[in-house]
Every structure is written in C-alpha cells, then in structure tokens.
Protein chains: 2
Amino acid sequence: MRKLYHPQVDEINLSTVLYALSDEIRLQIIKSLADHGEQACNQFDIPLPNSTLSHHYKVLRESGVTHTRIEGTQRFVSLRYDDLNVRFPGLLQAVLQGLEPRA
Amino acid sequence: MRKLYHPQVDEINLSTVLYALSDEIRLQIIKSLADHGEQACNQFDIPLPNSTLSHHYKVLRESGVTHTRIEGTQRFVSLRYDDLNVRFPGLLQAVLQGLEPRA
DNA sequence: TCAATCATTCGAATATTTTCGAAATAACGA
DNA sequence: TCGTTATTTCGAAAATATTCGAATGATTGA
C-alpha cells in the first residue's frame, strides 16, 4: 500500500458521505478531528482493535470525509472540511454542531 | 395499525437520521417532499413495489425525518422540517441543497 | 539485517439491511 | 356486507456491513 484512495471533490457523493457519517464510531472519529485537528491513527482514544478502527478510517476516507497522509509508519487523518464545504455547503458544520451536547 | 411511531423531537438521533438519509431511494422521497410538500404514498413516482417503498417510508418516519398522517385509506407523508431544524439546525437544508443538480 | 512500531489486509463469523411476493389490515362506498 | 383502494406486515432470500484475530506490509533505527 503505497497510495491510499481519496475521491476527488467532484466525485464525493451525498449518500456515501451520509452513510459514512451515520455510524457512532465514525462520528466519534470526526468529532475528535474537529476538536483536535489532524491526528495520527494511534492518537484516537477509542478502545477498539486496530483492524476495526482501520475499517472505519477507510470508510471515512473513501467517502471523501477525511484525508489520510502517510508519514513514516504513521497515518495522519484530517477532515476534508473545505472540500466538503465546496461540495455540500453547511453539511459538515451541521453534523458537527449536532454532535455537541445539548444545553 | 392504528398509530404510527414517531420519535419526539428530543429523541431524534443524529446517526439514525444520517443513516435514514444515506439511501438513494430515501433521498428521492425527501426530494419529492421538499419540492411538492406533503404527499400521499401513492403520489411518489418511484417505480418499486409497495412493500419496498413502505419499508423506506418506515425508516424515514422512525428516524424522525418524516411525519405520516393517516386519512382514510391513505397515508400522507411530510418532512419534519421544523423539528429537524430545532434538533439539527441546517442539516436538512444542507442535504436538500446537496441534492440539487450541480451547475 | 533484525526487531520494533504502526497500520492495513485477509478471511470468516455475525449482524443488519434491502428487496419483494403474498397475506393481512383498514377505511370507504355501494 | 362486499368489493375496492391504499398501505403495511410477514417471511425469506440476497446483499451489504461490521467485527476482530491473524497474517502481512512498510518504515525506521540499531
């Protein structure tokens, strides 16, 4: 695995993105990225086997929600905030706001 | 079936809503409701068996995305636009905008 | 080259979803 | 009450997703 697949902005599909965001674990990942910015895979504090997490990173990446950068043996994941905002303005913001605990 | 289950506003769950909206058929239904307002089940122009459509109406209704009103032998479906906007401001609008054909 | 580290892929079990025909339900009007 | 209309539920098949241990791959530093 030299290169990881990332859809181009134009290829990002609405139902695929919504699907990627419809899972509690993946929402946790997104929330963590929104709060802390780019993070290495081993910095997420989610108590699940790596193989399971890796699956979720892949779903998020292939849907166009996240970008994964390789550096050494690590993978750095970030939100494709601007790309998503071009393709689906306001969507990610609304989802992130929906993740905030209610008053 | 005298009463249909509808979650209260407070019970509407983000990942459940996103999941409901992550299917192309259900997005078609949502789009039609956004364009035409409340519609009877038999007014959607979607060429699928009734049992399949009924399943999708149920997923949308039970997630809190739509409301179904019984009148005679018909069911009238509408978007819970205001309720969703209270619970997840901007989300539905962003999704509907994302359904518009791109320039 | 070896071992350590970080993460992905494989493969198989389990779980969930989607689909749709057939049967059931409910309301209405003749 | 009977037939018609509108829709849901049931049940079962097919498709898809999730989970996780074990194996694999890639990079780094000794």
Review point. How does the hydrophobic cluster around B/Val86 look, that is, which other residues are in it when side-chain heavy atoms under 4.5 Å mark a link?
Key: B/Val9
Practice item. Flag the pair A/Arg26 / A/Val59 as yes when at least one side-chain heavy-atom distance between them is below 4.5 Å, and no otherwise. Key: yes
Over how many whole Å does the gap from [X] atom [atom1] to [N] atom [atom2] extend?
X: B/Lys58; N: C/dT19; atom1: NZ; atom2: P; answer: 15 Å
X: B/Leu48; N: C/dG21; atom1: CG; atom2: C1'; answer: 14 Å
X: A/Leu60; N: C/dA7; atom1: CG; atom2: P; answer: 15 Å
X: A/Ile70; N: C/dA7; atom1: CD1; atom2: P; answer: 11 Å
X: B/Glu62; N: C/dT18; atom1: CD; atom2: P; answer: 12 Å
X: B/His56; N: D/dT8; atom1: NE2; atom2: P; answer: 13 Å
X: A/Glu71; N: C/dA7; atom1: CD; atom2: C1'; answer: 15 Å
X: A/Arg61; N: C/dA7; atom1: CZ; atom2: C1'; answer: 11 Å

Practice item. Would you classify B/Phe76 as touching base, sugar-phosphate or nothing, given that sugar-phosphate means primed atoms plus P, OP1 and OP2, and contacts are heavy atoms under 4.0 Å? Key: nothing
Check your understanding: Which is true for A/Leu53 with a 4.0 Å heavy-atom rule: it touches a base, it touches only sugar-phosphate, or it touches nothing?
Key -> nothing
Review point. So, is B/His55 close to the D/dC10 phosphate, meaning a side-chain N or O under 4.0 Å from OP1 or OP2?
Key: no
Review point. Are A/Thr52 and D/dC20 close enough that a side-chain N or O sits under 4.0 Å from OP1 or OP2?
Key: yes
Check your understanding: Can you list every pair that meets ring pair (Phe, Tyr, Trp, His ring centres under 6.0 Å) and has a residue in residues 63-87 of chain B, with sequence neighbours left out?
Key -> B/His6-B/His67
Point to revise | ring pair (Phe, Tyr, Trp, His ring centres under 6.0 Å) partners for A/Tyr19, two or more places apart | key: none
Check your understanding: DNA chain D: A/Tyr19 or A/Ser51, which has the more 5' nearest nucleotide?
Key -> A/Tyr19
Practice item. Please list all pairs passing the salt bridge (charged side-chain N to carboxylate O under 4.0 Å, His left out) test where one or both residues lie in residues 45-57 of chain A, with sequence neighbours left out. Key: none
Study note, to complete from the structure: The complete set of salt bridge (charged side-chain N to carboxylate O under 4.0 Å, His left out) pairs with one or both residues in residues 13-22 of chain B, sequence neighbours excluded, reads none
Check your understanding: Do any of residues 23-34 of chain A sit with a heavy atom less than 4.0 Å from DNA chain C, and if so which?
Key -> none
Practice item. First locate atom CZ of B/Arg61, then atom CZ of B/Arg75, and finally report the distance between them rounded to the nearest 0.5 Å. Key: 9.0 Å
Revision key, fill the gap. Taking D/dT18, D/dG21, C/dT19 as options, the one with an atom nearest any side-chain atom of A/Pro49 is D/dG21
List the atom pairs, donor and acceptor, that lie under 3.5 Å between side-chain atoms in residues 92-103 of chain B and the rest of the protein, sequence neighbours left out.
{"unit_1": "B/Glu100", "atom_1": "OE2", "unit_2": "B/Lys31", "atom_2": "NZ", "d": "3.4"}
{"unit_1": "B/Arg102", "atom_1": "NH1", "unit_2": "A/Asp10", "atom_2": "O", "d": "3.2"}
{"unit_1": "B/Arg102", "atom_1": "NH2", "unit_2": "A/Asp10", "atom_2": "O", "d": "3.4"}

N/O-N/O pairs, protein side and nucleotides 2-6 of chain C side, under 3.5 Å:
{"unit_1": "C/dC6", "atom_1": "O4'", "unit_2": "A/Thr73", "atom_2": "OG1", "d": "3.3"}

Cut-off 3.5 Å, no hydrogens considered: what does the side-chain donor-acceptor table look like for residues 46-55 of chain A, sequence neighbours left out?
none

